[in-house]
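Reviewing the structure listed below.
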Amino acid sequence: VNTADTYPFNPEGPKSYSNAVEFSRLIAQSTQAHSCYTRNSLSYINGRPVATEELPLVDYWALASRAGKLSMKDMILAMVTNEAFVNRLP
């Protein structure tokens, strides 16, 4: 079975891989994956969709995560200590 293919990552562009392990590494290194789980985590924690004005913060956390400077634990801590979360209405 030939598992080689190309995936159109955003914003990096298309990346080719030869097997599932290589594809998993590409996903883990992609801006798209980090942005997706950051956005979805914030949405889950706040119990609502991410607001437009929160997107720059989502981008910041996603880039820090991708660079290895922000663990998932630290990201969640940043989200629940963020002013928007602390001062939200019940």
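Here the structure is a predicted model, which means the values were calculated and not measured. The basis for the numbers below is simple: all heavy atoms, side chains too, and nothing from hydrogens, waters or symmetry mates.
Clustering ILVMFWY residues whenever any of their side-chain heavy atoms sit less than 4.5 angstrom apart, transitively, puts Val80 in the very cluster that holds Val58. By the rule that hydrophobic residues join a cluster once side-chain heavy atoms approach within less than 4.5 Å of another member, Met75 and Leu55 end up as members of one cluster. In terms of hydrophobic clustering, with Ile, Leu, Val, Met, Phe, Trp and Tyr side chains grouped at heavy-atom distances under 4.5 Å, Tyr60 and Ile45 are assigned to a common cluster.
Side chains of Tyr37 and Ser65: a donor-acceptor N/O pair is present below 3.5 angstrom, by distance only. Side-chain contact annotation: Ser30 with Glu12, donor-acceptor N/O pair under 3.5 Å absent.
Summarising the local packing, CZ of Phe85 is surrounded by more than 12 heavy atoms from other residues, nucleotides or ligands at distances under 6.0 Å.
Met79 has its side chain within reach of Thr38: a pair of non-hydrogen atoms, C-beta onward, lies under 4.5 Å apart. You'll find the side chain of Leu42 reaches within 4.5 Å of the side chain of Trp61, heavy atoms only. A 4.5 Å side-chain heavy-atom check between Tyr7 and Leu26 finds every atom pair outside the cut-off. The shortest side-chain heavy-atom distance between Glu54 and Asn46 falls under the 4.5 Å cut-off.
Between Ala33 and Ile27, the closest heavy-atom pair is CB-O, 3.2 Å. Of all heavy-atom pairs between Pro56 and Thr52, the closest is CD-O, 3.8 Å. Residues Tyr17 and Glu22 come closest through the heavy atom pair CA-OE2, 3.2 Å. Here the closest heavy-atom approach between residue Ser41 and residue Met72 is recorded as OG-CE, 3.4 Å. Looking at every heavy atom in both residues, Thr3 comes nearest to Ala20 through OG1-N, 4.3 Å. Between Val50 and Ser43, the closest heavy-atom pair is CG2-N, 4.0 Å.
In this structure, the separation between CG on Asp5 and CG on Asn19 is 12.0 Å, given to the nearest 0.5 Å. Note that OG1 of Thr31 is 9.5 Å distant from CG of Asn10, once rounded to the nearest 0.5 Å. Note that CD of Gln32 and CZ of Arg66 are 11.0 Å apart. Values are rounded to the nearest 0.5 Å. Separating the CG atom in Asp59 from the CZ atom in Arg39 is a distance of 9.0 Å, to the nearest 0.5 Å.
No donor-acceptor pair under 3.5 Å is formed between the side chain of Asp74 and the backbone N or O of Leu70.
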